[in-house]
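So you know, we letter chains A, B, ... as the sequences are listed, proteins then strands, and number each from 1. Predicted model only: the values in this text are computed from it and were never measured.
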Amino acid sequence: MNMDKHQIANVLAEMAALLDLKGENPFKVRAYENAARVLDGLSQDLDHLIARKQLTDIKGIGANLATHITELHAHGTFDEYVQLRRSIPEGVVAMLAIPGLGAKKVGTLWKKLKITTIDELEKMCRAGKIAKLEGFGEKSQEKILKGIESVRRFSGRHLVSEAHVAAAALLDAVKKCKAVLRAEVGGSVRRYVETVGDIDILVATKNPEAVMDYFVTLPDVTQVVAKGATKSSVVLSSGINADLRAVTEREFPFTLHYFTGSKAHNVAMRSLAKQHDMKLNEYGLFKGKDEKRIPCKDEAAIFAVFGLDFIPPELREDMGEMEAAAKKSLPRLVEQGDLKGVLHAHTTYSDGRASLEEMAFAAKKRGFAYLGISDHSKSAAYAGGLSVEQIHQQHREIDQLNKKLTGIRLLKGIECDILADGSLDYSDDILETFDFVIASIHSKFTMTESEMTKRICAAISNPHVDILAHPTGRLLLTRDPYPVDMLKVIQCAAKQGVAIEINSHPQRLDLDWRWGQQMMALGVKTLISPDAHSTDGLDVVRFGIGIARKGWFEKEDVLNCFGVDNLLMHFQRHEK
DNA sequence: GCCGTTTTCGGCCCGACTGTTTTCAGTCG
């Protein structure tokens, strides 16, 4: 079986966990974790690298991992992996997901009490057997039970959209504490990762004790996991975990940087500091043997010490941002204010809840100069897809509204289903009548990767198609993406001059931002679209902006940062 | 496991909090 890089990354990450459980050298464990992360974010063609034996050119992949990756790519497995898996039950690996349990403790539970599933662990806790185990106690037992509950209830991850709302509310609440001088949200929320495990709040204060007392007694806190002098950890009513760190004002920029991460970015920064004979931690930057403190008033000053431009939080994934910052070639990331309009909105003509006119007003109210309507096409029967007659009717209504309305222009579009064979839902003479055509998949997800890739490439090769929407079909925390060779799709989009959407729906956030740099290298544009099914649905573009920034996109790469004339010209030129 | 303009061997980021211990290992970020 042939594995793609994400499947291989999953195996390597599992290897890391298995090795950890075996008590292997922690640096070996880290090497596997690191390789998994690198592969997940790899923009080059893996087949190509393997064929040319260039895997070891990638930082973090040496001779051994290159062999394993090559083996996985060709056969879907390798000897050491098979043996390790055979020696450790699946349920034991699953126990690692329980907060408070790491490899060492899980190893003890497994070896001493022969526990191999989370269910068994729960029974043993309830029977009071865990508390008697050496190194454990009553509190550990309690904590494990709570941990099991949280794993089951929330599987530990949350959509960044939900986390953002919760984090903003929490930050507001924290700022109301008189002892708080400065406060910011850090962590994966600040980096805009599509799903997050918890919320990190960083605070500057002269009185950390007062801040901690205040924090753990906020009304939204349902459980206090830990409370210390500078760090506390709680569970909010939404089920999201939140951590708070309190430091001095002098330390704050370093704390904010450190707790924004990512882990990989921090490791890179600390290594860089070390090369400069400095030490970087969450409290400061220190030079030489006598650890002379180097003051920095903000994050930009920290980067500047190493000759780096300020790296926006979204880019801090150790995916080339350090090199770009050193070369002064970081992108000027797109901002919400750059959006001139939006495309991809539904109305009552198909499955939207608002009329054309209501959507037009809502878009205008949000400061957009144009709104591209794209209801579902006819085969999307479940969503009230439009018949040819309904299309004509909608176009007449749009023409009338455009005469009547000021300050907003409606564009005629369609979200056209890509059928199983890669053909589109309407004939060419119908497709020609739209200002723009979005193509997307809503059915027949179970195809092989090569079939699906062929299907999508066929669809976007139709000269009427301007945009490919939600290219992987994923629903975060709910449905995996369908199998598709994104690199081939991007190459095909480049050839056809087709843009690939960043769908801003909180559950989609699809395109995956990890493809951004590759898209821009090939000159493929994107579209930050709301996929709105109501007037409020227009507001989600702010999540799409976050993902676009994370993907290194600049406003020049984003179609709806174009003025309406340029946009229409772009679509027309592309059809010729 | 990986890596190298000090090194092909000996490093590999660093600190807080907890619980179970009487000085520290494990976990987490």
Side-chain angles (χ1 to χ4, degrees), chain A residues 12-13 15-16 18-20 22-38 55-69 80 95-109 130-144 147 156 186-191 196-202 208 212 216 224-234 241-247 251 254-255 257-275 277-286 291 318:
Chain A
L12 295 182
M15 273 296 291
L18 293 167
L19 291 167
D20 210 4
K22 280 274 168 185
E24 263 283 0
N25 175 1
F27 296 106
K28 179 172 173 179
V29 173
R30 193 206 274 175
Y32 274 87
E33 282 171 351
N34 189 42
R37 189 184 55 83
V38 168
L55 275 176
T56 51
D57 291 353
I58 303 169
K59 195 160 173 272
I61 295 178
N64 265 300
L65 275 164
T67 309
H68 294 332
I69 292 167
E80 200 185 341
M95 283 193 270
L96 289 173
I98 299 168
L101 287 187
K104 290 283 189 318
K105 288 195 166 174
V106 169
T108 306
L109 292 168
I130 304 300
K132 297 202 176 72
L133 207 55
E134 197 187 328
F136 292 75
E138 289 290 341
K139 292 213 171 166
S140 311
Q141 190 167 273
E142 279 296 301
K143 200 175 170 192
I144 290 170
S188 45
V189 175
R190 185 170 183 232
R191 295 205 317 284
V196 307
D198 65 8
I199 294 169
D200 293 288
I201 304 275
L202 298 324
M212 290 301 152
V216 300
V224 179
V225 179
K227 178 169 179 269
T230 64
K231 180 199 165 180
S232 289
S233 190
V234 301
N241 276 64
D243 289 350
L244 181 135
R245 296 261 174 174
V247 294
E251 293 163 338
F254 300 96
T255 309
H257 174 263
Y258 179 73
F259 286 103
T260 294
S262 65
K263 199 170 175 176
H265 171 85
N266 285 348
V267 169
M269 283 290 286
R270 287 188 175 191
S271 301
L272 189 59
K274 213 166 177 175
Q275 286 169 32
D277 189 31
M278 294 181 197
K279 186 178 82 172
L280 179 65
N281 62 26
E282 58 262 55
Y283 303 108
L285 181 61
F286 307 91
E291 304 212 336
D318 194 25

Asker: Crowded around A:Glu142 CD? As in, over 12 foreign heavy atoms under 6.0 Å?
Answerer: no

Asker: Over all strands shown, is A:Arg245 touching base, sugar-phosphate only, or nothing at heavy-atom distances under 4.0 angstrom?
Answerer: sugar-phosphate

Asker: From CZ of A:Phe27 over to C1' of B:dG11, roughly how many Å is that when rounded to an integer?
Answerer: 8 Å

Asker: Tell me if a side-chain donor or acceptor on A:Arg245 pairs with a main-chain N or O of A:Lys231 at a distance below 3.5 Å.
Answerer: no

Asker: Which is more 5' along DNA chain B, the nucleotide nearest A:Ser271 or the one nearest A:Leu133? Just name the residue.
Answerer: A:Ser271

Asker: Go through A:Tyr32 and A:Glu24 one step at a time and tell me if the side-chain contact (heavy atoms from CB on, under 4.5 Å) criterion holds.
Answerer: CA-CA 12 Å; A:Tyr32 274 87; A:Glu24 263 283 0; over 6 Å; no

Asker: Grab the CD1-P distance between A:Ile69 and B:dG1 for me, whole Å please.
Answerer: 12 Å

Asker: When all nucleic acid strands are considered with a 4.0 Å heavy-atom cut-off, which category describes A:Ala273: base, sugar-phosphate, or nothing?
Answerer: nothing

Asker: Check whether any side-chain N or O of A:Lys274 sits under 4.0 Å from OP1 or OP2 of B:dC12, and answer yes or no.
Answerer: yes

Asker: With rounding to the closest Å, how many angstrom separate the P atoms on B:dT27 and B:dT20?
Answerer: 13 Å

Asker: Among B:dT18, B:dA16, B:dC12, find the nucleotide with the atom closest to the side chain of A:Asn25.
Answerer: B:dC12

Asker: So which nucleotide from B:dT20, B:dC12, B:dC14 ends up closest to the side chain of A:Ser140?
Answerer: B:dT20

Asker: What pairs meet the side-chain hydrogen bond (donor to acceptor under 3.5 Å, both in side chains) rule with one or both residues in residues 56-66 of chain A, with sequence neighbours excluded?
Answerer: none

Asker: Return the value, rounded to whole Å, for the distance between atom CD1 of A:Ile199 and atom P of B:dG29.
Answerer: 13 Å

Asker: On a whole-Å scale, what distance lies between the P atoms belonging to B:dT21 and B:dA25?
Answerer: 13 Å

Asker: For A:Phe254 and B:dG15, give me the distance from atom CZ to atom C1', rounded to whole Å.
Answerer: 16 Å

Asker: NA contact type, A:Lys279, heavy-atom cut-off 4.0 Å: base, sugar-phosphate, or nothing?
Answerer: sugar-phosphate

Asker: Rounded at 0.5 Å granularity, tell me how far CG in A:Asn266 sits from CG in A:Asn281.
Answerer: 11.0 Å

Asker: For the C1' atoms, the ones on B:dT23 and on B:dT18, what distance do you get once it is rounded to whole angstrom?
Answerer: 15 Å

Asker: Could you work out the separation of B:dT5 and B:dG1 based on their C1' atoms and round it to a whole Å?
Answerer: 24 Å

Asker: Classify the nucleic acid contact of A:Tyr258 as base, sugar-phosphate or nothing, counting any heavy atom under 4.0 Å across all strands shown.
Answerer: base

Asker: Enumerate all atom pairs, one protein N or O and one N or O from nucleotides 23-27 of chain B, separated by less than 3.5 Å.
Answerer:
residue : atom : partner  : partner atom : Å
B:dT27  : OP1  : A:Gly102 : N            : 2.8
B:dT27  : OP1  : A:Gly102 : O            : 3.0
B:dT27  : OP1  : A:Lys105 : N            : 2.7
B:dT27  : OP2  : A:Lys104 : N            : 3.2
B:dT27  : O5'  : A:Gly102 : N            : 3.4

Asker: When rounded to the nearest 0.5 angstrom, what distance separates NZ in A:Lys104 from CG in A:Asp20?
Answerer: 6.5 Å

Asker: Would you mind reading off the distance between A:Asn266 atom CG and B:dG29 atom P, rounded to a whole angstrom?
Answerer: 14 Å

Asker: Nearest-Å distance, CD (A:Glu142) to P (B:dT20)?
Answerer: 11 Å

Asker: Determine the contact category for A:Asn64: base if any of its heavy atoms lies under 4.0 Å from a base atom, sugar-phosphate if only primed atoms, P, OP1 or OP2 are that close, otherwise nothing.
Answerer: sugar-phosphate

Asker: OP1 or OP2 of B:dA16 sitting under 4.0 Å from any side-chain N/O of A:Lys231?
Answerer: no

Asker: Using a cut-off of 4.0 Å on non-hydrogen atoms, how would the nucleic acid contact of A:Glu80 be classed: base, sugar-phosphate, or nothing?
Answerer: sugar-phosphate

Asker: Measure the shortest side-chain to side-chain distance between A:Lys105 and A:Phe136 over non-hydrogen atoms and say whether it is less than 4.5 angstrom.
Answerer: yes

Asker: For A:Ala131, does its backbone N or O pair with a side-chain atom of A:Gln141 as donor and acceptor, under 3.5 Å?
Answerer: yes

Asker: What's the closest nucleotide to the A:Leu65 side chain, out of B:dG1, B:dG15, B:dG29?
Answerer: B:dG1

Asker: Look at all strands and tell whether A:Glu138 reaches a base, only sugar-phosphate, or nothing, counting heavy atoms closer than 4.0 Å.
Answerer: sugar-phosphate

Asker: Would the distance check show the side chain of A:Ser188 and the main-chain N or O of A:Arg191 forming a donor-acceptor pair, the cut-off being under 3.5 Å?
Answerer: no

Asker: Write down the distance separating the P atoms in B:dC13 and B:dC2, rounded off to the nearest Å.
Answerer: 16 Å

Asker: Looking only at the side chain of A:Ala226 (C-beta and beyond, no hydrogens), which of the listed nucleotides B:dC17, B:dG1, B:dG29 gets closest?
Answerer: B:dC17

Asker: What's the separation between atom CG in A:Leu133 and atom CG in A:Leu109, rounded to the nearest 0.5 Å?
Answerer: 6.5 Å

Asker: Starting at atom CZ of A:Phe259, determine the distance to atom P of B:dC13, rounded to an integer number of angstrom.
Answerer: 17 Å

Asker: Got a list of protein N/O to nucleotides 3-7 of chain B N/O distances below 3.5 Å?
Answerer:
residue : atom : partner : partner atom : Å
B:dC3   : OP1  : A:Gly60 : N            : 2.7

Asker: Between B:dC14, B:dG1, B:dT21, which one does the side chain of A:Glu134 approach most closely?
Answerer: B:dT21

Asker: Going by purine N1 to pyrimidine N3 plus the second Watson-Crick contact, or the G-U wobble pair, all under 3.5 Å, which nucleotide sits opposite B:dT8?
Answerer: none

Asker: Round to the nearest Å and state the distance from A:Leu280 atom CG to B:dC14 atom P.
Answerer: 9 Å

Asker: Taking for each residue the nucleotide of DNA chain B bearing the nearest heavy atom, is the 5' side occupied by A:Met278 or by A:His68?
Answerer: A:His68

Asker: So, does A:Thr230 get its side chain near the phosphate of B:dC17, meaning an N or O under 4.0 Å from OP1 or OP2?
Answerer: yes

Asker: Does the A:Thr260 side chain pair with the main chain of A:Gly186, one donor and one acceptor, at a distance under 3.5 Å?
Answerer: no

Asker: Output the distance between atom CG (A:Leu101) and atom NZ (A:Lys143), rounded to the nearest 0.5 Å.
Answerer: 8.5 Å

Asker: How far does the P atom of B:dG29 sit from the matching atom of B:dT22, given to the nearest Å?
Answerer: 27 Å

